Amino acid sequence: MPELPEVETVVRGIAPHLKKRRITQVELRRADLRVPFPKGFKERLEGAGITGISRRAKYILIELDTAETLVIHLGMSGSLMFREAPFKKHDHVIFTLDNGKKLIFHDPRRFGLMDLVKDTKTHKLFAHLGVEPLAEGFNSVTLGASLKTRSGPIKTAIMDQKVVVGVGNIYASESLFQAHISPLRKANSLKKSEISALCEGIKNVLELAIKSGGSSIKDFVQSSGKPGYFQHSFEVYGHTNKPCLCAAKHGILKITPLVKKITQQGRATYYCNNCQK
DNA sequence: AGATATTCCTGGAGGC
DNA sequence: TGCCTCCAGGAATATC
């Protein structure tokens with residue numbers, strides 16, 4: 001479910017409520033998510049003080065005073081919310097804080113995961129991750145270098161967390177639309193100017209989405225329980241067979257360009273073959 | 001090595 | 001109403 005803007009929205013939503021609190025109780029309502037919980041998960045967390053909350057790629061990082069970091073990935077359908085009992089179906093983990101508040105991890109599809117790690121730089125989940133798209137290190141030079149060796153489609157490349165983190169299926173289509181680049185282009189065929197445009201497209205789309213509290217298609221909710229509203233700003237995602245925005249920009253055309261839906265790597269891609277080349 | 005297909009899981013939507 | 005198939009914000013793994 002959540003891509004970078006949604007995870008960032010969750011982090012911003014829960015951070016003020018977690019800051020300087022202590023975890024007093026952890027209830028695991030099943031033995032695993034996508035993977036088993038690490039050994040001693042509950043015991044290692046209970047009593048730990050929270051010293052920081054941040055995000056790396058699509059992972060939520062909760063730093064503890066035990067020299068460990070609680071890592072949470074929301075997968076496709078995960079959410080974190082402060083709620084009270086009664087618990088619902090798919091409420092898999094309940095963290096109780098020293099002020100009595102309960103942070104509930106809810107994840108119907110169970111593609112999420114949790115781990116406790118000593119060093120998030122070298123840990124297996126993080127070692128291969130590429131650059132953060134909203135950090136200094138992401139620019140047309142670094143993106144160009146990663147794309148140089150890739151002959152697969154550009155859409156697949158920007159969704160690869162080794163190239164740039166946080167861009168998922170929605171924002172890949174939206175960024176390419178912004179940059180006027182076809183998702184079918186071979187990644188290593190992009191010109192310098194196109195790589196720059198793609199960089200800007202990715203940054204703009206992600207930043208705007210964060211400002212909107214993320215996108216809610218099916219079940220994404222912020223930690224407040226409210227949906228995000230960036231889905232109303234989608235320009236191609238989900239717009240199958242609707243007129244592309246370029247129709248208006250370029251005046252009356254003989255044939256109105258329509259947004260196409262295709263499949264790449266088993267995932268839906270939306271684009272306009274009139275304005276994306 | 002790099003590209004592509006498959007897999008994990010549940011629920012909602014749409015077809016018949 | 002019910003049953004069936006397909007599809008969904010991710011990403012590791014297997015296969016070519």
Side-chain angles (χ1 to χ4, degrees), chain A residues 1-11 29-37 55-60 71-80 88-92 105-115 123-130 133 146-176 183-189 202 205-206 208-210 212-223 227-234 236-240 261-270:
Chain A
M1 143 224 233
E3 305 182 32
L4 186 149
E6 290 74 36
V7 179
E8 182 66 26
T9 298
V10 168
V11 166
R29 305 182 83 229
R30 52 174 300 125
D32 58 6
L33 297 171
R34 208 186 76 188
V35 296
F37 292 100
R55 177 192 60 73
R56 168 74 173 116
K58 298 172 194 165
Y59 294 95
I60 297 164
V71 174
I72 302 176
H73 195 294
L74 300 175
M76 289 280 249
S77 60
S79 64
L80 279 171
K88 304 179 193 171
K89 194 175 179 181
H90 308 303
D91 284 350
H92 303 311
F105 178 78
H106 179 90
D107 185 11
R109 288 180 73 182
R110 237 185 301 134
F111 284 176
L113 73 83
M114 290 191 195
D115 204 350
H123 189 271
K124 186 181 159 214
L125 290 172
F126 302 88
H128 67 280
L129 290 179
S146 334
L147 297 183
K148 209 165 53 182
T149 58
R150 307 186 60 115
S151 55
I154 183 64
K155 191 231 181 184
T156 311
I158 58 172
M159 283 181 68
D160 187 332
Q161 305 298 296
K162 291 192 282 294
V163 173
V164 56
V165 301
V167 179
N169 203 42
I170 291 177
Y171 300 111
S173 282
E174 292 295 318
S175 311
L176 287 162
L184 296 163
R185 287 275 298 282
K186 282 173 180 276
N188 59 7
S189 76
I202 290 172
V205 167
L206 295 179
L208 284 172
I210 290 171
S212 304
S215 303
S216 298
I217 293 179
K218 241 181 106 177
D219 49 13
F220 173 73
V221 284
Q222 308 184 37
S223 50
Y229 51 94
F230 190 71
Q231 64 277 14
H232 303 302
S233 303
F234 291 166
V236 284
Y237 188 89
H239 286 204
T240 318
K261 180 184 183 181
I262 59 170
T263 300
Q264 292 178 292
Q265 279 64 51
R267 314 288 308 271
T269 299
Y270 302 86

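Since the structure is predicted, the reported quantities are computational estimates derived from the model, not experimental observations. Protein chains get the first letters and strands the later ones, always in sequence-line order, with residue 1 at the start of each.
For A:His128, taking side-chain heavy atoms from C-beta onward, the closest of the listed nucleotides C:dA8, C:dA12, C:dG10 is C:dA12. Of the candidate nucleotides C:dG10, B:dT10, B:dT4, C:dG10 has the atom lying nearest to any side-chain atom of A:Met159. Distance from the side chain of A:Lys89 is smallest for B:dG11 among the nucleotides C:dA8, B:dG11, C:dG10. The side chain of A:Pro153 sits closest to B:dT4 out of C:dA11, C:dT13, B:dT4. Side-chain proximity of A:Tyr270 to C:dA12, C:dA8, B:dT10: nearest is C:dA8.
When the P atom of C:dA12 is taken as reference, atom CG of A:Leu125 falls 8 Å away, rounded to whole Å. What separates CD of A:Gln264 from P of C:dA11 is a distance of 17 Å, to the nearest Å. Atom CD1 in A:Ile158 sits about 14 Å away from atom P in C:dA11, given to the nearest Å. As rounded to whole Å, 11 Å separates atom C1' of B:dC8 from atom CG of A:Asp32. A:Asn169 has its CG atom 12 Å from the C1' atom of C:dA11, to the nearest Å. Computed from coordinates, the A:Arg30 CZ to B:dT10 C1' distance equals 11 Å when rounded to whole Å. Straight-line distance from the CD1 atom of A:Ile154 to the P atom of B:dT4: 13 Å, rounded to whole Å. Distance CG (A:Leu129) to P (C:dA12): 8 Å, rounded to an integer number of Å.
Taking side-chain N and O atoms only, A:His90 has a distance below 4.0 Å to OP1 or OP2 of B:dG11. Within the structure, every side-chain polar atom (N or O) of A:Gln161 is placed at least 4.0 Å from both OP1 and OP2 of C:dG10. Between B:dC8 and A:Arg34, no contact under 4.0 Å exists linking OP1 or OP2 to a side-chain N or O. When the side-chain nitrogen and oxygen atoms of A:Arg109 are compared with OP1 and OP2 of C:dA8, none of them lie within a distance under 4.0 Å. For A:Ser151 and B:dA3, the shortest distance from a side-chain N or O to OP1 or OP2 is below 4.0 Å.
Ring stacking holds between A:Phe111 and C:dG10, with the centres under 5.5 Å apart and the planes within 30 degrees of each other.
Of the P atoms belonging to B:dA5 and C:dC7, the separation is 15 Å, rounded to the nearest Å. Taking atom P in both C:dC3 and B:dC9, the straight-line distance is 23 Å, to the nearest Å.
For the atom pair CD1 (A:Ile170) and OH (A:Tyr270), the distance works out to 9.0 Å, reported to the nearest 0.5 Å. Between A:Ser175 atom OG and A:Ile158 atom CD1 the span is 5.0 Å, to the nearest 0.5 Å. Here the CG atom belonging to A:Asn169 is positioned 10.5 Å from the CD atom belonging to A:Glu174, to the nearest 0.5 angstrom. Considering CE of A:Met159 and CD1 of A:Ile154, their distance stands at 12.5 Å, rounded to 0.5 Å.
Residue-level contact check: A:Arg267 touches the bases, meaning some heavy atom is under 4.0 Å from a base atom. Backbone-only engagement by A:Gly152 is indicated by non-hydrogen atom pairs under 4.0 Å involving sugar-phosphate atoms exclusively. No engagement by A:Phe234 is indicated, since no non-hydrogen atom pair under 4.0 Å with the nucleic acid exists. Within the nucleic acid shown, A:Lys162 has no heavy atom closer than 4.0 Å to any nucleic acid atom.
Within the shown strands, nothing qualifies as a pairing partner of B:dC9 under the Watson-Crick or G-U definition with both distances less than 3.5 Å.
Between the A:Gln264 side chain and the A:Pro153 main chain, no donor and acceptor come within less than 3.5 Å of each other.
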- From CA spacing to verdict: side chain to side chain contact (heavy atoms under 4.5 Å, CB included), A:His123, A:Val71: CA-CA 11 Å; A:His123 189 271; A:Val71 174; over 6 Å; no
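Under the 30°/60° scheme for interplanar angles, the aromatic rings of A:Phe105 and A:His92 are found to be tilted.
Nearer the 5' end of DNA chain B, as judged by each residue's closest nucleotide, is the contact made by A:Thr149, out of A:Thr149 and A:Gly266.
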